[in-house]
Amino acid sequence: MDTRYDYGNLEDKTYAKWEKSGYFNPDICVRKGVTAKNAKKFSIVLPPPNVTGTLHIGSAAMLTIEDIMARYARMRGLKTLWLPGTDHAAIATQAKVESLLFKQEGKTRYDLGREAFLKRVEEFAKNSHDTIVRQMKKMGTSVDWSREAYTLDEKRSLAVRTAFKRMYDGGLIYKGSRIVNWDPKMQTTVSDDELEYLEEKTPFYYLKFGPFVIGTARPETKFGDKYVVMHPADKRYAEYRDGEKLKVEWINGPITATIVKDKAVDMKFGTGVMTITPWHDATDFEIAERHNLDKEQIIDYNGKLLPAAGEFSGMHINKARPLIVEKFKSLGLIEKFDENYVHNVAVNQRGGGRIEPQIKEQWFVSVNREFALPKSKIKGIKSGEKTTLKKMMKAAVKSNQIAILPKRFEKTYFHWIDNLRDWCISRQIWYGHRIPVWYKNGETYCGINPPKGPGWIQDSDTLDTWFSSGLWTFSTLGWPRETKDFSEFHPTSVLETGYDILFFWVARMILMSGYLLGDIPFHKVYLHGLVRDEQGRKMSKSLDNAIDPLEVSQKYGADAVRLSLIIGSAPGNDIKISEDKIRGYRNFATKIWNASRFAVLNFQPAKVKPKLTAQDKKRLAEVEALKKKVSRHLDEFDFNRAGGALYHYFWDVFADKVIESLKPRLNSENAADRAAAQEVLMKMLKEQLKMLHPFMPFVTEEIWSLLPENKNKLLMVEKWR
RNA sequence: GCGUCCUUAGCUCAGUGGUAGAGCGUUACUUUGACAUAGUAAAGGCCGCAGGUUCGAUCCCUGCAGGACGCACCA
């Protein structure tokens, strides 16, 4: 044994050993007798990384936490399944490929056409997938590769079509004309959750509208405005009656305006009066719906003005805006304007396009429509009882059937559900699951397979990527087929993921599993934080503060990276990391290596019966106590404390005190005492290696193979006890 | 507007109703046979501020200040 642990060469070798053993697969564990046939189950799905690129340090944190869970469960003798996969991440992946295509070849997706473009995306996704798999292996993830899934593969497609059909038949999926978030750049809708708001300084204009003054930050939408809205309780405008008509001089000449009284108006904002543009604003749309008002489209789907804009027709809104302002000015309709108004602009988080609300016919999942679960295993919802998706999603968590850790996120979850609106699930992008609906002569057919006969045309839209992700806990286990995996491993034991996708994903899994299975998808949700740099900033390429997990693993070993992501961070809190911290844990790996080296160098098989002293027994009892403590922490998902306790015991007690005190006895003339010292040393080391293994699998596995009598035995399936 | 979190050593962060912890950094000494990616010793903190509860508060409660975030609104 060298004085340094050569992680660079040994890690890959060790991973290959694990893979060859087959122990990542729970069935093989049972077959080879390392797991009991009737063992309890532990199952966890990997939050599938997006095939948009490579893993980042946040993914490394996720992999580490889940690997600790899986390895601990496996060593405790549970039948353990950690199921891997990747996500096609529809919008994100398509956006990435579109941008590459444009940069490298100056082409758009329309130049290639649907089929050829999809080929490109698939090629990109495949490459990205391969990189991700390589990276996962580098980090030591003990997933069962034989069950690997992809959100867009054949089996998952069947699950998606089945889910869609059942929800369609159940009346929960409907097609409707509603206001949606339209991304003119990517030419698709996106859901409310996929928006990001950017602050932007825009002039805010006060325009004369007959006897009123109305405020707007978007003069380019004002052409069709013919309703003027005020709060029914606003005394300033008491003289105007709901429905009253007046003649108003407006941008393209005189119009007839109608007074509308609605409580949506904030009396304190601006003048307390506004005109509405129902086609291009969600609030306005709702007012229009309530009062049954006309809606007129002003801006087309490319961001260009329509004939309603008069002479500005055909012009892009960005170009037209200053000209429109000029015209308002020349007509004397601008009362004043505020130059320093801060406006929130919605952009598509994944694709980057600036959102223009539009009314469009889309597919939605109704969250308030009533239905009954024929067989409910959800606490608080009885079989056959009327409920809604909202109520069902709440019940699963409220009843504590699903526990969210840390608990404070339960509040966030409820709050989100309270504000939830119908979920727009159709996208006009090409990469993704095609909606399983076909049309012919005004007829509509929804089915798992295409309808027979000629002339049917499939809906051209694809599904929101989270629709397929929502099925993940059971689509990966073979659903809708009745598989052994499904009956054995669902609901899964725990879902581990970042708090930033609580709504996107966690909530939608509860929705899907609840409706389709009448059951919860998992018993526990453990949320980790975002990984940030030492100044608490998000890691990004533009800041050049990103730590590449592969690069630092190469430099300091994957074990060191893993430990540095675990120790010193609490559940749900952001994780701060720096290269210094990683280096510190690399030193710990070296410490373990050298202490083990010492033990090996000083060990011979005992020829006499060891005579343990009282102190020896005390030390061995100490290790047992440590094991109890670490087990308790791990059972409570308190990885920070479990790892911390091990770190300190190994270094401060075992290395600094125990080894030092044993040194003279290891050279003792008294054979029984010498044997005792050796036994204590080896036993303590072995127990600690076992406990450290889930945290630092590589170095502990390598040392294990070097210990006496351990040839060909794998630490990863040693009994924890 | 509603809600959540954070404020602890120079930096980054854990933690607990009973005299404060880690990593990195700093200072001094030490190459003695596991390990200098180390060892020994040390410096360094009114645990944001002000009240309250308590025998006792860094921890529980209230208020304030600063920072971060989520949701809603943003005409």
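In this text, all values refer to a predicted model and were calculated from it rather than measured experimentally.
Counting non-hydrogen atoms under 4.0 angstrom, Asn573(A) reaches the backbone sugars and phosphates but no base. Backbone-only contact: Thr216(A) has heavy atoms under 4.0 Å from sugar-phosphate atoms and none from a base. The residue Gly568(A) sits close only to the backbone: its heavy atoms come under 4.0 Å of sugar-phosphate atoms, none of a base. At a threshold of 4.0 angstrom between heavy atoms, the contacts of Ala264(A) with the nucleic acid are absent. Residue-level contact check: Ala570(A) touches the backbone only, with heavy atoms under 4.0 Å from sugar-phosphate atoms and none from bases. Backbone-only contact: Tyr341(A) has heavy atoms under 4.0 Å from sugar-phosphate atoms and none from a base. Using a 4.0 Å heavy-atom cutoff across all strands shown, Ser564(A) reaches no nucleic acid atom at all.
With hydrogens and angles ignored, a donor-acceptor pair closer than 3.5 Å exists between the side chain of Lys663(A) and the base of rA34(B). A donor-acceptor contact under 3.5 Å is formed by the side chain of Asn344(A) with the base of rC74(B). Side chain Arg586(A) to base rU37(B): a donor-acceptor pair is found below 3.5 Å.
In this model, no donor atom of one side chain and acceptor atom of the other lie less than 3.5 Å apart for Asn710(A) and Ser705(A). Glu702(A) and Tyr7(A) share no donor-acceptor pair across their side chains, judged by distance under 3.5 Å alone. A side-chain N or O of Asp464(A) and one of Trp423(A) form a donor-acceptor pair less than 3.5 Å apart.
In this structure, Arg4(A) reaches the rU37(B) phosphate: one of its side-chain N or O atoms is under 4.0 Å from OP1 or OP2. In this structure, Lys591(A) does not reach the rC35(B) phosphate: none of its side-chain N or O atoms is under 4.0 Å from OP1 or OP2. The phosphate of rA38(B) (OP1 or OP2) has no side-chain N or O of Asn594(A) nearer than 4.0 angstrom. Phosphate contact (OP1/OP2 of rC35(B), side-chain N/O of Trp651(A), threshold under 4.0 Å): absent. Put simply, Arg641(A) has a side-chain N or O that comes within less than 4.0 Å of OP1 or OP2 on rU16(B).
Comment: Glu709(A) does not engage Lys686(A) in a salt bridge, judged by the lack of any side-chain N to carboxylate O separation of less than 4.0 angstrom. Remark: Glu356(A) engages Arg218(A) in a salt bridge, criterion side-chain N to carboxylate O under 4.0 Å.
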Quiz item: So what is the 5' to 3' dot-bracket string for RNA chain B, if pairs are Watson-Crick or G-U wobble with both distances under 3.5 Å, crossing pairs use [ ] and | means the partner sits on another strand?
Solution: (((((((..((((....[..)))).(((((.......))))).....(((((..]....))))))))))))....
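Side-chain atoms of Asn573(A) do not come within 3.5 Å of backbone N or O of Ser569(A) as any donor-acceptor pair. With hydrogens and angles disregarded, a donor-acceptor distance shorter than 3.5 Å links the side chain of Gln678(A) to the backbone of Gln604(A).
Along RNA chain B, the nucleotide closest to Ile659(A) and the one closest to Ala217(A) are compared, and the more 5′ of them pairs with Ile659(A).
Between rC74(B) and rC6(B), the distance separating the two P atoms is 31 Å to the nearest Å. Between rC64(B) and rA22(B), the two P atoms lie 36 Å apart (nearest whole Å). Between rC61(B) and rG25(B), the two C1' atoms lie 38 Å apart (nearest whole Å). Here, rG21(B) and rA42(B) have their P atoms 14 Å apart, quoted to the whole Å. Here the separation of rG48(B) from rU40(B), taken at their P atoms, is 32 Å to the nearest Å. The gap from the P atom of rU4(B) to that of rG63(B) amounts to 12 Å, rounded to the nearest Å. The separation of rG23(B) from rU37(B), taken at their C1' atoms, amounts to 14 Å, rounded to a whole angstrom. If you take atom C1' in rG52(B) and the same atom in rG17(B), they sit 15 Å apart, rounded to whole Å.
Listed candidates were rC74(B), rU40(B), rC5(B). Nearest to the side chain of Asp656(A) is rU40(B). Here rC35(B) is the nucleotide among rC35(B), rC74(B), rU40(B) with the atom lying nearest to any side-chain atom of Arg597(A). Distances from the side chain of Arg421(A) to the nucleotides rG3(B), rC73(B), rG15(B) place rC73(B) closest. For Thr412(A), the listed nucleotide lying nearest its side chain is rG70(B); candidates were rC35(B), rG70(B), rC74(B).
Around the CD atom of Gln349(A), the shell of radius 6.0 Å holds more than 12 heavy atoms that belong to other residues, nucleotides or ligands.
Summarising the geometry, the separation between CD1 on Ile592(A) and P on rA38(B) is reported as 13 Å, rounded to the nearest angstrom. One atom, CD of Glu660(A), and another, C1' of rG39(B), lie 9 Å apart when rounded to the nearest Å.
With ring centers used as reference points, Tyr205(A) lies 6.0 Å or more from Phe328(A).
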Show the distances under 3.5 angstrom between N or O atoms of the protein and N or O atoms of nucleotides 19-27 of chain B.
from	atom 1	to	atom 2	distance (Å)
rC24(B)	O2'	Asp580(A)	OD2	2.9

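Cation-pi contact between Lys663(A) and Phe598(A): present, with separation from the ring centre below 6.0 Å and deviation from the ring axis of at most 45°. Lys398(A) forms a cation-pi arrangement with Phe414(A), by the criterion of a distance under 6.0 Å to the ring centre and an angle within 45° of the ring axis.
Relative ring orientation between Phe639(A) and Tyr526(A) is described as perpendicular, the plane-to-plane angle rising above 60° on a 0-90° scale split at 30° and 60°.
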